[in-house]
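Structure, as structure tokens:
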Number of protein chains: 2
Amino acid sequence: MKNLNRVHLNGLRALEAAGRLGTLQRTADELGVSPGAVSQQIIKAERQLGATIFERTPRGLAPTRSGSALLARLSAGFRELDKAVELASGQTEATLTISVAPVFASKWLVPRLARFRKLHPDIRVRIDASTELIDPDRSDVDLGIRVGTGNWPRVKKEFLLPQEVFPVCAPELALLLKEPADLANVPIVRDANSNLSWDLWLKPFGLSETMLAAGDSFTDAALCLDAAITGQGVMLAWQTLAFDALASGLVVAPFRERFHSGFGYFLITSATQSEPRKISKFRDWLKAEIAASEERLAR
Amino acid sequence: MKNLNRVHLNGLRALEAAGRLGTLQRTADELGVSPGAVSQQIIKAERQLGATIFERTPRGLAPTRSGSALLARLSAGFRELDKAVELASGQTEATLTISVAPVFASKWLVPRLARFRKLHPDIRVRIDASTELIDPDRSDVDLGIRVGTGNWPRVKKEFLLPQEVFPVCAPELALLLKEPADLANVPIVRDANSNLSWDLWLKPFGLSETMLAAGDSFTDAALCLDAAITGQGVMLAWQTLAFDALASGLVVAPFRERFHSGFGYFLITSATQSEPRKISKFRDWLKAEIAASEERLAR
DNA sequence: GTTCTTCATATAGTTTTTCTATATCGTCGT
DNA sequence: ACGACGATATAGAAAAACTATATGAAGAAC
């Protein structure tokens with residue numbers, strides 16, 4: 001691209017526009033400057049190119065024979081750039097990029113997105129499923145939903161709901177569970193990567209994780225849930241993970257008690273950038289969905 | 001193209017180069033500025049776009065997901081511009097555009113151009129055949145060859161040869177012409193648009209145009225010559241027009257006397273622009289060809 | 001033919017942008 | 001821990017671009 005170093009880009013743009021529009025006045029209008037400025041740009045660009053691109057007629061600028069070839073190519077190039085800018089800025093306005101953990105995305109968010117889409121057809125949602133904590137100031141992500149203690153620097157945090165844990169299992173298995181101590185007699189499926197402990201839920205009943213039987217172990221909470229659904233054991237679940245499975249009866253919660261895991265769901269946005277409409281709309285919708293979920297779960 | 005008004009072009013170029021090269025240092029090298037300048041350009045462009053194009057990693061700049069789409073388009077656009085500039089300046093270096101009168105072009109210049117081409121294969125010649133006087137500063141014409149008194153403002157003029165007139169006709173007709181007065185007894189073909197008068201040639205012999213017979217008239221000197229070749233009459237010709245026809249024996253000059261028409265051939269170039277190599281090469285060749293023609297004609 | 005309008009351009013001064021140079025901070029590899 | 005590399009902030013300097021005005025040239029209108 002070294003050829004471009006010899007000619008100033010604004011000059012090329014002036015050439016292109018003047019070739020298309022024919023007079024300095026119209027060119028100046030399109031570029032948003034005075035005609036004199038355009039004249040200077042064109043003259044300078046012609047000098048840098050070492051070629052005369054326009055003949056000056058009493059009615060404006062007429063491309064020379066060899067100038068026409070240049071102008072055609074310049075037009076093609078600038079059209080491409082224009083389209084690039086249009087798409088890029090149009091996209092940032094209309095596309096909401098959300099960073100969420102894969103499990104939350106697949107088990108809770110994605111199944112509900114269709115409703116958001118219906119509510120705001122002009123906003124395109126792009127889900128960036130990853131476990132890394134992202135900085136909305138240093139990526140193209142508009143907002144994140146993360147589980148944790150809320151101890152993240154340099155971002156704006158908004159508490160959504162406390163994570164509460166409770167056992168779930170297939171309905172057949174639930175028949176064996178009259179009281180918490182019965183958990184010792186059924187298989188347990190575990191998420192090997194989870195930082196949640198059964199003690200969180202057992203302690204209030206005076207029980208401990210050591211009494212539980214061994215069982216299958218998975219590297220992902222979603223896989224655990226699938227195992228629980230097929231009756232392979234009881235899992236320690238939480239609201240957003242289990243809600244849809246509970247609602248459709250694939251699993252049941254044999255005990256009503258839910259206990260705080262110590263973590264919470266937070267909405268993460270930029271601490272510095274002003275908030276566009278698409279973000280506030282999503283926040284509103286998200287809170288309403290959470291409230292609706294919680295309400296149904298509490299019944 | 002109004003989208004381009006919202007983003008400064010140098011910023012887009014910085015984005016494109018950084019996306020391709022990965023670090024500020026390399027980008028700065030390509031653009032010929034300091035890394036700090038590039039950093040500012042990129043940040044500014046991102047703000048104008050309202051989008052984050054790069055994630056800053058410890059190893060440089062990595063395009064975001066949505067940034068990649070933009071960068072791909074920007075690259076395409078700038079490649080096009082780069083090619084445009086390359087071709088335009090390459091062309092001006094390698095293409096010599098010459099403005100000449102159609103008659104001179106067809107009867108003298110074009111038949112000799114093959115030799116110039118052989119001498120300088122790297123220089124492409126483009127002939128712009130027109131009768132209008134061209135200003136090399138206001139068109140893409142590099143040089144002109146014009147007949148006149150040399151009284152043209154704002155251009156550099158270089159005398160090539162005096163225009164000298166003399167009668168030519170088909171060999172059969174020449175048998176009837178022993179002395180100038182015999183011209184009264186043969187048909188005369190005239191160029192209706194010419195500003196040359198038979199008196200120019202007749203006066204020195206004490207003769208006058210009134211004694212000449214009427215004959216066919218044409219709107220173009222080349223057509224007159226064709227008529228003379230086919231024996232339709234005698235025409236008042238000049239060196240560059242008749243040379244090739246004389247050399248091949250299609251016409252003859254029944255009298256050796258040649259008289260100055262008062263006009264001359266001039267090489268016209270820009271008075272202000274510095275002269276590129278292609279022009280000086282053409283001048284050298286042109287003078288040599290003229291000398292060779294004159295020498296053969298004098299024999 | 002004269003006047004008017006429509007163009008482009010020259011010039012000078014101002015405003016704006018861009019650039020450099022330096023310092024700082026973060027991350028990685030040794 | 002230390003050095004290397006990379007991005008950014010900042011302030012001052014340099015360069016570029018812009019405005020406003022005047023000028024000249026060429027058609028168009030009366």
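Reminder, nothing fancy here: chain letters follow the sequence lines and each chain counts from 1.
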Is any side-chain heavy atom of [X] less than 4.5 Å from a side-chain heavy atom of [Y]?
{"X": "A:H260", "Y": "A:Q163", "value": "no"}
{"X": "B:K156", "Y": "B:E275", "value": "yes"}
{"X": "B:P136", "Y": "B:V155", "value": "yes"}
{"X": "B:V147", "Y": "B:T240", "value": "no"}
{"X": "B:L160", "Y": "B:F266", "value": "no"}

N/O (side chain, B:R59) to phosphate O (OP1/OP2, C:dG26) under 4.0 Å
no

Pairwise N/O distances under 3.5 Å, protein to nucleotides 9-13 of chain C:
unit_1	atom_1	unit_2	atom_2	d
C:dT9	OP1	A:R56	NE	2.3
C:dT9	OP1	A:R56	NH2	3.2
C:dT9	OP2	A:S39	OG	3.1
C:dT11	O4	A:Q40	NE2	3.4

Identify the 5'-most and 3'-most nucleotides of DNA chain D with at least one atom closer than 4.0 Å to a non-hydrogen atom of chain B.
D:dG6 to D:dA11

So which one's nearest nucleotide on DNA chain C is more toward 5', A:T57 or B:K44?
A:T57

Overall bend of the helix from C:dG1-D:dC30 to C:dT30-D:dA1 (five pairs an end, 10° steps) is 30°

Tell me whether the count of non-hydrogen atoms from other residues, nucleotides or ligands lying under 6.0 Å of NZ in B:K83 goes above 12.
no

Only one of A:K278, A:K281, A:R277 clears salt bridge (charged side-chain N to carboxylate O under 4.0 Å, His left out) with A:D122; which?
A:R277

Describe, in one word, how the ring planes of B:F104 and B:Y265 are oriented to each other, choosing from parallel (under 30°), tilted (30 to 60°) and perpendicular (over 60°).
tilted

